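Predicted model only: the values in this text are computed from it and were never measured. To find a chain, count down the sequence lines: A is the first, B the second, and so on, and within it residues start at 1.
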Protein chains: 2
Amino acid sequence: MKVTIQDIAKAANVAKSTVSKVLNDSPKISKETKTRVREIMKQMNYTPSSIATRLAKRSSHNIGMLIDMSKESEYMNPFFFHIISGIESVIGPMKYELTIANVQQNDPERNVINRLVRSGRIDGLISNNAIMCDEMVDTLNGLAFPFVTIGEYNSRPVPWADYDNAEGGKMLTGHLLGEGYRDIAFIGGEPLERIFTKRHQGYRQALLEAGIQYREDRIIHGVADENHGYQAVLELLKSDHPPDALVCMNNYTAFGALKATQQAGVAIPGMIGIATFDDYPFSPHTNPPLTSLFIDTFELGATAGKMLIERMNRPDLPFPSLLLQPKLNVRKSTLKNKAGLE
Amino acid sequence: MKVTIQDIAKAANVAKSTVSKVLNDSPKISKETKTRVREIMKQMNYTPSSIATRLAKRSSHNIGMLIDMSKESEYMNPFFFHIISGIESVIGPMKYELTIANVQQNDPERNVINRLVRSGRIDGLISNNAIMCDEMVDTLNGLAFPFVTIGEYNSRPVPWADYDNAEGGKMLTGHLLGEGYRDIAFIGGEPLERIFTKRHQGYRQALLEAGIQYREDRIIHGVADENHGYQAVLELLKSDHPPDALVCMNNYTAFGALKATQQAGVAIPGMIGIATFDDYPFSPHTNPPLTSLFIDTFELGATAGKMLIERMNRPDLPFPSLLLQPKLNVRKSTLKNKAGLE
DNA sequence: TTGTAGGCGTTATCAA
DNA sequence: TTGATAACGCCTACAA
């Protein structure tokens, strides 16, 4: 069978409490005993049972990450690996584990809480803000259970980490303005989406600062996918006075926009500039390459991880929130001034 | 504090062993007691400690998934979410958890084994074959520990699930031949890579079956990334008799190939056909859209999950292995016969 | 510096 | 049908 602390104790001729102290490198144990016991542990290939340790220590040393397989996939998919890696990069060295749990869409949310939190399976929780809901937040806070949201969350006191979407909207729009575009449409996103609101806000502010009239009819709401991008832009280009630039909610929207534009025979970036949120790995590979807003999702994960650990250590501190800065990757699709040069 | 089985027992005026039996729905407990105890559990908001349960049951009810943040990211990135989702879709309903662990590259591999396996943290393991190595396999098998590899593994007895890369090679090459291409180069992949070997084998067989001479100099080895694809194809196109079609190791290679081809002013698919392994989400969005080989990575994950569970239940059965079939998504980049039609 | 005894929250084995 | 009691494998006083 598995070798236990008892076996080691017997083999070393000491009490198991002594072995335990060696395990935890207690200063009360003599150097000699330590080395001797360790030697034996090595010989017998002993690894302490983490489950027993956890039971005794009353801590699972485990962090949970919520995903929604059914719904989030399109949004999370390209970032998931990096986010996970980021989280793992900070909690791994601290000997924490990462447990991934799927949260059913219509399943009463409490289940996750019971399954993960109340059962003591995890000591802390990281979740996408799209999965989180007020009810869950209240339960979690009621339990004084540490958690962090990836993505801004405002309707409740929640610690979160996010990229500065408003600033991102400003950056994209500002860049387009700087290139000389003047009539910029915003494609994709539903009015009530948290993420849309922020991005749109930045867009609007950039216009304001440039002294350009904000036009409600330049905001084309809709699902942020290729099809909507395509349809929306097709429509726009048919109008009498089409915009001369587009800010797209994400790369899929931008694909649709590219397709529609090319189909309509409108030159990019000469006649129209296209910029987009979310720098997917393939943004540089479209035709023309897409100017897009890069967010370091590894860093985002790492930040969320750090915040969570911090929160677990000092639950008394106020809810923190952290805004990371995106980075604009300028590519051909918006280089009006150099159009045709390359 | 947390409410325990003891508290419930007291409140219900029964022994904690009775409560335990209610928890496990033992047939030896009367209906009345069951409902009464359950009522109290609900009232007191009781959730059994999963750690204590596990200690008592000697099972972690937890499955480990190995990742290599440092190295695999490029390969795994686009598939990771789907693979995880697939695994979770089968183990989740069985109340298993999924723990993600990062395996350090140069770290003596044993550490993972100790940390995860010997410590009893997990009951089963799923790993990419690129992370697995013979030493680890031997240790795992020596421990009679159940595990499954995603990706074929042949140098040791290992249960694995994979897509049929040889068949994929045949499909891509066969499709090109069917379109009338005759001189097909294979771009990317190192001779010793397991995955290259298989894909190349299918490529070769397709040529054989079509009665076309296999030419060693049509195999352009190298890292499967954009840069190599670009350089390799640029070189090829400069030669006196360039190939009239390309099979690329992955989408990045294909990007490079596209770029080089366009730069050289060679028409796709009229003058040259380009097809690639791995249907990334952006394959349809290149210019022209890339014919590529789709693999259902959700299904791959699910299959690995099922195999692992099966293996944990009946460790006596011989090592299974499963080959899933890829699907060819034909797009414009290889439609020689319809070139210019669209 | 080491050992003894009890506890962590369940389950499992017997008795009752 | 229920209840004591001893595991499970480790940790933590407290005692020696």
Inset, instruction - Find the distance B/D25:CG to C/dA12:P and express it as a whole number of Å. - result: 14 Å

Inset, instruction - Compare side-chain N and O positions of A/Y46 against OP1 and OP2 of D/dG9 and report whether any pair is under 4.0 Å apart. - result: no

Inset, instruction - Please lay out, stage by stage, how A/S50 and A/T53 fare under the test side-chain hydrogen bond (donor to acceptor under 3.5 Å, both in side chains). - result: CA-CA 5 Å; A/S50 84; A/T53 307; over 6 Å; no

Inset, instruction - Please collect all side chain to side chain donor-acceptor pair (under 3.5 Å) contacts where either partner lies in residues 298-316 of chain B, sequence neighbours excluded, each pair once. - result: B/Y163-B/E299

Inset, instruction - Examine D/dG3: is either OP1 or OP2 under 4.0 Å from a nitrogen or oxygen in the side chain of B/T18? Give yes or no. - result: yes

Inset, instruction - Please state how far atom CG in A/L55 lies from atom P in C/dG9, giving the value in whole angstrom units. - result: 7 Å

Inset, instruction - Identify whether the distance between the nearest side-chain nitrogen and carboxylate oxygen of A/R121 and B/E97 falls below 4.0 Å. - result: yes

Inset, instruction - Determine yes or no for a side-chain-to-main-chain donor-acceptor pair under 3.5 angstrom, with B/S85 supplying the side chain and B/F81 the backbone. - result: yes

Between the protein and nucleotides 5-7 of chain D, which nitrogen or oxygen pairs are less than 3.5 angstrom apart?
none

Inset, instruction - Quick one: label B/V14 by what it contacts on the DNA or RNA (base, sugar-phosphate, nothing), any heavy atom closer than 4.0 Å. - result: sugar-phosphate

Legend entry - Separation of C/dC8 C1' from B/R54 CZ (nearest whole Å): 16 Å

Inset, instruction - Under 4.0 Å between any heavy atoms, over every strand shown, what does B/S20 touch: base, sugar-phosphate, or nothing? Just pick one. - result: base

Inset, instruction - Check every atom of C/dT11, D/dA4, D/dC10 against the side chain of A/A52 and return the nucleotide holding the closest atom. - result: D/dC10

Legend entry - Ionic contact status for A/D7 with A/K2, cut-off 4.0 Å: no

Legend entry - Residue A/S49, side-chain heavy atoms: nucleotide from D/dC10, C/dT11, D/dA13 that is nearest: D/dC10

Legend entry - Proximal nucleotide (of C/dT10, C/dC14, D/dC10) relative to the B/I5 side chain: C/dT10

Legend entry - Residues forming a ring pair (Phe, Tyr, Trp, His ring centres under 6.0 Å) with A/Y96, sequence neighbours excluded: A/H61

Inset, instruction - Take atom CG of A/L23 and atom P of C/dT2, then tell me their distance rounded to the nearest Å. - result: 15 Å

Inset, instruction - Using five pairs at either end of the helix from C/dT1-D/dA16 to C/dA16-D/dT1, determine the angle between the two local helix axes and round it to 10 degrees. - result: 40°

Legend entry - A/I5 and A/V19: CA distance, side-chain angles, deciding distance, side chain to side chain contact (heavy atoms under 4.5 Å, CB included) verdict: CA-CA 7 Å; A/I5 201 174; A/V19 180; 3.5 Å; yes

Inset, instruction - Kindly say whether A/F298 contributes a backbone atom to a donor-acceptor pair with the side chain of A/D296 at under 3.5 angstrom? - result: yes

Inset, instruction - Could you identify which residues of residues 26-39 of chain A place a heavy atom less than 4.0 Å from some atom of DNA chain D, listed by residue number, or say none? - result: none

Inset, instruction - For salt bridge (Lys or Arg N to Asp or Glu O under 4.0 Å), just list the numbers for A/R38 and A/D25, CA-CA rounded to whole Å, side-chain angles, deciding distance to a tenth of an Å, and then say yes or no. - result: CA-CA 10 Å; A/R38 285 195 179 125; A/D25 202 16; 3.1 Å; yes

Legend entry - Nearest-angstrom distance from the residue atom NZ of A/K57 to C1' of D/dC10: 9 Å

Legend entry - B/K10 NZ to D/dA4 P, straight-line distance once rounded to whole Å: 13 Å

Inset, instruction - Establish, from distance only, whether the side-chain atoms of B/T149 and B/N129 form a donor-acceptor pair under 3.5 Å. - result: no

Inset, instruction - With heavy atoms under 4.0 Å as the rule, sort A/N13 into base, sugar-phosphate or nothing. - result: sugar-phosphate

Inset, instruction - Taking atom types as modelled, find out whether B/S20 and B/S17 have a side-chain donor-acceptor pair closer than 3.5 angstrom. - result: no

Inset, instruction - Calculate the interatomic distance between B/I51 atom CD1 and D/dC8 atom C1'; express it in whole Å. - result: 13 Å

Inset, instruction - Output all residues satisfying side-chain hydrogen bond (donor to acceptor under 3.5 Å, both in side chains) with B/N141, sequence neighbours left out; order by chain, then residue number. - result: none

Inset, instruction - Using whole Å, report how far CZ of B/R118 lies from C1' of D/dG9. - result: 17 Å

